*Asks:* 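Can you keep this structure in mind? I'll have questions shortly.
Source: prediction; values computed, not measured. Naming: A, B, ... by sequence-line order, numbering from 1 per chain.
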2 protein chains.
Amino acid sequence: MVRLSHEVPTNDLAANLCNRLPSAASAPLRLWGMGVMATLRDVAREAGVSVATASRAINGLGNVTGPTRDAVLAAVKKLNFVPHSGARSLTRRKTDTIGVILPDLFGEFFSEIIRGIDLVAHESGMHLLLGNMHGSAHETAAAVASMRGRVDGLLLMPPDMKPELLAGHLDPALPTVLLNYDASPLDLPFVAVDNYHGAYAMTEALLDRGARQVVHIAGPKHNRDARDRQRGFVDAMARIAKERSPVILPGDFSEEAGQEAARLLIQGQLPADAVFASNDLMAVGCIQQLGEAGISVPRDVMVAGFDDIPLSRHISPALTTMQVKIDRLGSTAMMMLLRLLRGETLGAASGNVLTPTLIARGTTAGPVGLAAVTKALAAKEQEAP
Amino acid sequence: MVRLSHEVPTNDLAANLCNRLPSAASAPLRLWGMGVMATLRDVAREAGVSVATASRAINGLGNVTGPTRDAVLAAVKKLNFVPHSGARSLTRRKTDTIGVILPDLFGEFFSEIIRGIDLVAHESGMHLLLGNMHGSAHETAAAVASMRGRVDGLLLMPPDMKPELLAGHLDPALPTVLLNYDASPLDLPFVAVDNYHGAYAMTEALLDRGARQVVHIAGPKHNRDARDRQRGFVDAMARIAKERSPVILPGDFSEEAGQEAARLLIQGQLPADAVFASNDLMAVGCIQQLGEAGISVPRDVMVAGFDDIPLSRHISPALTTMQVKIDRLGSTAMMMLLRLLRGETLGAASGNVLTPTLIARGTTAGPVGLAAVTKALAAKEQEAP
DNA sequence: CAGATCAATGCAACCGGTTACATGAGATGC
DNA sequence: GCATCTCATGTAACCGGTTGCATTGATCTG
């Protein structure tokens with residue numbers, strides 16, 4: 001590694017700061033930890049005005065003469081003053097920060113949500129404080145509690161938590177929007193994906209496409225998304241294919257679970273001609289494993305997923321799936337939270353349900369060819385709303 | 001889509017929650033905006049002690065009698081008191097939060113970094129305040145400034161920014177670790193990926209594998225990662241394949257850029273037998289476009305990428321690439337920051353360089369078959385360090 | 001039993017800003 | 001010229017905790 005030598009713009013400034021301190025004795029090698037940042041008092045003294053005037057000048061409030069303002073701003077520049085947001089938010093009772101608490105931070109799903117949130121938050125000059133409940137309910141409580149005094153509002157996504165349990169942990173004084181969680185019992189505004197109808201539509205489409213026996217690979221048992229998708233599947237089967245009892249294999253949203261399900265299918269000799277996985281990752285794992293066993297997708301068996309992760313477009317054949325616009329989930333929630341912060345009243349009635357879109361790709365293209373299926377599925381979609 | 005009516009478990013539960021509130025009289029529709037959170041003063045009054053004692057009891061400091069402590073804790077529970085972190089951090093001069101400023105929030109790369117950071121931060125009870133510079137240098141300054149008083153330290157990733165420019169915006173009093181940025185000139189600790197040697201190794205491996213003419217698809221011009229990778233490529237070519245002048249096609253890390261490069265390759269009739277893209281996404285785009293033109297990978301041309309995004313394993317043939325353990329980047333940086341916060345002194349000399357690993361997959365498997373190549377490349381890898 | 005020791009507790013001054021209200025000088029009106 | 005109004009500025013009380021120091025009452029010591 002090359003070491004360039006050139007002056008570090010530290011010391012002169014450090015010297016300035018040090019001189020202003022009563023004890024200018026021993027110059028430390030490093031400034032960190034000293035925390036000798038200029039305060040508003042310093043600025044006021046430097047400019048020869050009171051703190052009140054300095055504060056007004058800096059915040060561009062009225063009632064400050066031109067020369068006074070200039071003097072203050074000059075002092076600000078000279079001392080390199082940056083207002084202390086922590087102190088400011090204490091009096092203003094406003095932190096310009098919103099807390100985001102997610103179950104974990106794995107994968108594209110969460111980065112997309114965060115991106116959607118940030119997009120809107122950034123426009124309104126809001127910051128994002130990230131909390132991570134790392135799965136456990138206990139940690140969720142801690143995460144929510146630690147947000148007090150740090151944030152103006154909360155975006156919370158507690159997929160595995162029961163409403164009653166959640167209610168006890170929430171601060172009723174803190175504007176909160178729930179992510180991907182129908183919170184009717186709590187009367188909190190929320191944004192959710194219509195997993196039920198999405199799964200229903202996908203099942204219907206598979207049956208429509210000629211499948212006789214659709215097998216569902218389920219998600220984690222206590223995960224609401226997974227449960228809703230499973231319900232959608234079961235109901236669609238019950239309604240359209242009464243005579244056939246729905247087969248459900250266990251899963252946990254992981255690629256391995258998809259592979260495992262495929263192995264069960266192969267070994268168990270289940271008479272399936274279509275697999276509907278509760279998410280794309282499992283569908284991908286399933287396809288891969290089926291392929292290794294010499295079973296062709298879609299000729300021998302059709303496969304569909306849910307989410308439309310970027311990977312889905314790229315595998316071959318490409319995966320048919322329900323597209324969920326994940327960033328929209330985040331941005332919509334953030335917009336609702338902003339309205340809440342503006343004083344609007346939103347309850348569970350203002351819940352926002354995002355309908356996923358069916359994207360037909362290669363894994364459900366039967367012998368008749370991809371084009372025909374796409375058309376058929378698109379038509380199916382059209383007739384819905 | 002069929003819209004089924006099915007009962008939503010709403011009203012009974014909502015009623016339950018309302019009943020649990022003390023004032024059953026005129027139940028307010030919403031509590032938000034009232035902001036009537038209990039303060040330490042309230043707790044002290046309720047428990048019949050002074051605020052000082054209440055504070056000590058709550059924080060578990062010594063010098064508090066059993067009965068007193070119990071009274072305070074009872075009051076805490078009764079009033080549902082949660083300490084106001086903002087106020088606390090003002091006096092403690094400690095926020096238990098670290099700021100993370102990233103260029104943008106697109107894609108797996110950033111979610112992995114954040115996950116790595118969170119992993120370590122969470123262990124130490126630290127929170128993450130997310131800042132996003134949205135590309136512009138001006139915003140970077142604003143983002144850094146707005147962190148003052150909110151965070152104890154900073155993790156900063158300014159890929160397109162010149163050190164001199166950066167220096168002016170940094171607060172010398174705030175412990176800072178730079179991400180993916182060799183900050184020697186600033187004498188700040190950093191964690192970076194060894195893009196140069198990674199690219200060098202990959203180029204070498206391709207030539208070694210029998211490529212006569214390797215073409216490089218570059219990343220964004222002012223991006224340091226991209227520039228380092230390009231340098232690695234150029235140097236490797238100069239050293240190993242002196243007689244052949246290196247060909248470099250422009251790119252911007254996007255899938256489209258990879259496709260465009262492929263088109264140039266096809267139209268331009270460049271005599272390339274290997275393509276080394278500056279990142280995986282471009283490699284994927286390139287392969288896809290080559291395939292459409294009837295050019296077979298790897299038989300007609302080998303392709304390699306950089307990053308090892310999840311997608312790389314799943315396309316077919318799977319992509320040979322340099323694996324960067326992105327989450328390690330985040331967790332290592334966070335660990336360094338923690339040491340800084342503990343008072344240790346770290347300069348640029350403590351920079352941490354992560355070496356990427358060559359992962360040989362299908363796109364560089366020649367007619368001789370994948371196994372042989374993997375072995376050859378692995379051997380190559382071995383002899384390197 | 002007086003005086004020293006010590007633990008538990010209270011008082012009040014912070015942290016670094018904001019802002020209601022007081023002050024006082026200059027402009028205006030009569 | 002005096003009362004009044006205006007508006008820039010200063011004073012000080014917050015926000016909600018933490019913490020150094022003083023106070024108090026009880027226990028210990030000789």
*Asks:* Could you tell me the separation between the CE atom of Met37(A) and the P atom of dC15(C), rounded to a whole number of Å?
*Replies:*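 For the pair Met37(A) CE and dC15(C) P, the rounded distance is 16 Å.
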
*Asks:* By the salt bridge (charged side-chain N to carboxylate O under 4.0 Å, His left out) test, which pairs, at least two apart or in different chains, include something from residues 75-87 of chain B?
*Replies:* Glu46(B)-Lys78(B)

*Asks:* Mind checking if Thr39(B) touches a base, just sugar-phosphate, or nothing, with heavy atoms under 4.0 Å?
*Replies:*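 Here Thr39(B) touches the backbone only, sparing every base.
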
*Asks:* Quick one: does Asp118(A)'s side chain get under 4.5 Å of His134(B)'s, heavy atoms only?
*Replies:*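 Yes; the side chains approach each other to less than 4.5 Å.
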
*Asks:* Examine dG17(C): is either OP1 or OP2 under 4.0 Å from a nitrogen or oxygen in the side chain of Arg150(B)? Give yes or no.
*Replies:*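 So the side chain of Arg150(B) is outside the cut-off, no N or O lying under 4.0 Å from OP1 or OP2 of dG17(C).
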
*Asks:* Is a donor on one side and an acceptor on the other found under 3.5 Å between the side chain of Thr65(B) and the backbone of Thr68(B)?
*Replies:* no

*Asks:* Any heavy-atom pair between the side chains of Thr97(B) and Leu128(B) that's under 4.5 Å?
*Replies:*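 No. Closest side-chain heavy atoms not under 4.5 Å.
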
*Asks:* Using nucleotides 23-26 of chain C, report all nitrogen or oxygen pairs with the protein that are shorter than 3.5 Å.
*Replies:*
none

*Asks:* OP1 or OP2 of dC15(C) less than 4.0 angstrom from a side-chain nitrogen or oxygen of Arg88(B), does that happen here?
*Replies:* no

*Asks:* May I ask you to evaluate whether Arg92(B) reaches the phosphate of dT18(D), defined as a side-chain N or O under 4.0 Å from OP1 or OP2?
*Replies:*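 Checking dT18(D) against Arg92(B), a side-chain N or O does come within under 4.0 Å of OP1 or OP2.
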
*Asks:* State, with a plain yes or no, whether a side-chain heavy atom of Thr39(B) is found less than 4.5 Å away from one of His84(B).
*Replies:* no

*Asks:* So Leu170(A) and Leu188(A), do their side chains get closer than 4.5 Å, heavy atoms only?
*Replies:* yes

*Asks:* Could you check Leu61(B) against Ala87(B) and say which one's nearest nucleotide on DNA chain D is further toward the 5' end?
*Replies:* Ala87(B)

*Asks:* Could you pull out the protein-nucleic contacts involving nucleotides 5-14 of chain D (nitrogen or oxygen on both sides, under 3.5 Å)?
*Replies:*
residue: dA8(D); atom: OP2; partner: Asn63(A); partner atom: OD1; Å: 2.6
residue: dA8(D); atom: O3'; partner: Thr65(A); partner atom: OG1; Å: 2.6
residue: dT9(D); atom: OP1; partner: Thr65(A); partner atom: OG1; Å: 2.9
residue: dT9(D); atom: OP1; partner: Thr68(A); partner atom: OG1; Å: 2.4
residue: dT9(D); atom: OP2; partner: Thr65(A); partner atom: N; Å: 3.0
residue: dT9(D); atom: OP2; partner: Thr65(A); partner atom: OG1; Å: 2.9
residue: dT9(D); atom: OP2; partner: Thr68(A); partner atom: OG1; Å: 3.2
residue: dG10(D); atom: OP2; partner: Ser50(A); partner atom: N; Å: 2.8
residue: dG10(D); atom: OP2; partner: Ser50(A); partner atom: OG; Å: 3.0
residue: dG10(D); atom: OP2; partner: Thr53(A); partner atom: OG1; Å: 2.7
residue: dG10(D); atom: O6; partner: Arg56(A); partner atom: NH2; Å: 2.6

*Asks:* Taking Asp96(A)'s backbone N and O only, do any of them form a donor-acceptor pair with Asp152(A)'s side chain (distance below 3.5 Å, no angle check)?
*Replies:* yes

*Asks:* Would a distance-only check, ignoring hydrogens and angles, find a side-chain to backbone donor-acceptor pair under 3.5 Å from Ser124(A) to Met126(A)?
*Replies:* no

